[in-house]
Amino acid sequence: MTRSALLVLADGRFPAGGHAHSGGAEAAVRAGRIKDAAGLESFCRGRLHTTGLTAAALAAGAAYGLDPLELDAAADARTPSPALRATARRLGRQLMRAARATWPSPELDALATAFPRGAHQPVVLGTTALAAGLGPEDAAHCVAYETVGGPTTAAVRLLGLDPYQATAVLARLGPEMDAVVERATAAAAREGVDALPAASAPLLDLTAEQHAAWPVRLFAS
């Protein structure tokens, strides 16, 4: 049952709203930083080891049962871009709706009550993992995969990139995803919220603000 729940939660068809977001890929494509599979791999690797690591640790902490209010405040502090904070809460709200319908639990109900306009998505994801009977490592794996899977799917649509090449990028990043999950889970297990990583990607913050001001765009973020 646990493995099946992990597959459901990590499935891109789970109605959590992620399909509408590019994870910064749309802005990177327009700026010429992603032109092909090699550029996509470089972008995803950078995202994975910065914001991906931070988000994976937040999710792992929530799955460990750390205080979600403290975790949400930590997520806010680690997200300097107002556009990305708004995106994280929007995605958290959408994920919460899907999660409560799929795995009803007191933990999810309490989090939804505390944040009626949406908690940060990694915190909701970790709480969802807890409700689904999954562990911190499972939650971190979901985040790590989502961190690179979202931009990869977006790049296929934005560039007409060969989907076989895009899938190969994900496969090559597999060992690094595992390493990020190990670091994130270990940090969440050590000393609580204060021990969580705070890795950042300033260029993603800057381009997120620019992207939010575009009058026409394919993705919400």
Side-chain angles (χ1 to χ4, degrees), residues 9-10 16-18 21-24 46-100 107-131 134-151 180-181 183-209 211-212 220-221:
L9 184 57
H21 297 265
S22 77
R47 193 166 191 266
L48 175 64
H49 289 282
T50 53
T51 58
L53 171 64
T54 300
L58 289 164
Y64 267 121
L66 299 181
D67 185 343
L69 275 66
E70 290 187 23
L71 287 169
D72 192 81
D76 241 16
R78 287 160 170 76
T79 312
S81 161
L84 289 181
R85 285 199 297 272
T87 294
R89 293 195 181 281
R90 191 180 310 124
L91 285 169
R93 185 168 62 247
Q94 179 67 26
L95 174 57
M96 178 64 78
R97 290 179 60 193
R100 293 176 80 187
E107 293 84 2
L108 287 170
D109 290 344
L111 187 59
T113 299
F115 297 98
R117 300 187 66 181
H120 275 263
Q121 193 263 4
V123 180
V124 179
L125 193 149
T127 307
T128 301
L130 186 65
L134 299 170
E137 188 173 309
D138 297 318
H141 268 295
C142 284
V143 171
Y145 181 76
E146 179 182 66
T147 297
V148 297
V180 164
V181 167
R183 287 180 61 193
T185 307
R190 275 202 305 268
E191 301 171 21
V193 176
D194 291 341
L196 299 183
S200 64
L203 186 57
L204 284 179
D205 295 326
L206 292 171
T207 56
E209 293 301 312
H211 182 272
S221 71

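Start at 1 with the first residue, then count along the sequence. These figures come from a predicted structure and were not determined experimentally.
Heavy atoms only, all atoms of each residue included: Leu66 and Ala188 are closest at CD1-O, 4.0 Å. Scanning both residues, Thr185 and Ala140, for their nearest heavy atoms gives OG1-CB, 3.9 Å. Across all their heavy atoms, Thr54 and Ala199 have their closest contact at OG1-O, 2.8 Å. Residues Leu108 and Arg100 share a closest heavy-atom pair of CB-CG, 3.9 Å. Nearest approach of Ala57 to Ala184, heavy atoms of both residues: N-CB, 3.5 Å. Annotation for Ala144 and Val181: closest pair CB-CG2, 3.9 Å, computed over non-hydrogen atoms.
Here the straight-line distance linking atom CG of Leu111 with atom CG of Leu130 works out to 11.0 Å at 0.5 Å rounding. Here Met96 contributes atom CE and Thr128 contributes atom OG1; the two are 6.5 Å apart, rounded to the nearest 0.5 Å.
Every side-chain contact (heavy atoms from CB on, under 4.5 Å) that Arg47 has, sequence neighbours left out, goes to Phe43, Thr51, Thr147, Pro151, Leu204. Listed by chain and residue number, Ala59, Ala63, Leu125, Ala129 satisfy the side-chain contact (heavy atoms from CB on, under 4.5 Å) test with Ala139 (two or more places apart in sequence, or in another chain). With sequence neighbours left out, the side-chain contact (heavy atoms from CB on, under 4.5 Å) criterion links Gln94 to Arg97. The ring pair (Phe, Tyr, Trp, His ring centres under 6.0 Å) search around His211 returns Trp214, not counting sequence neighbours. For the side chain to side chain donor-acceptor pair (under 3.5 Å) test, residues two or more places apart in sequence or in another chain that qualify with Ser81 are Glu209. Among residues two or more places apart in sequence or in another chain, the side-chain contact (heavy atoms from CB on, under 4.5 Å) test is passed with Thr87 by His21, Arg90, Leu91, Ser221.
Applying the salt bridge (Lys or Arg N to Asp or Glu O under 4.0 Å) test to pairs two or more places apart or on separate chains, those with a residue in residues 52-75 are Asp72-Arg89.
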Using distance only, find each side-chain donor-acceptor pair of residues 116-123 under 3.5 Å and give its atom names and separation, not counting sequence neighbours.
unit_1: His120; atom_1: NE2; unit_2: Asp76; atom_2: OD1; d: 2.8
unit_1: Gln121; atom_1: NE2; unit_2: Glu146; atom_2: OE1; d: 3.2
unit_1: Gln121; atom_1: NE2; unit_2: Glu146; atom_2: OE2; d: 3.2

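By the neighbour-count criterion of 12 heavy atoms within 6.0 Å, atom CZ of Phe115 is densely surrounded, having more than that number from other residues, nucleotides or ligands.
Using modelled atom types, one side-chain atom of Arg78 and one backbone atom of Leu196 make a donor-acceptor pair closer than 3.5 Å.
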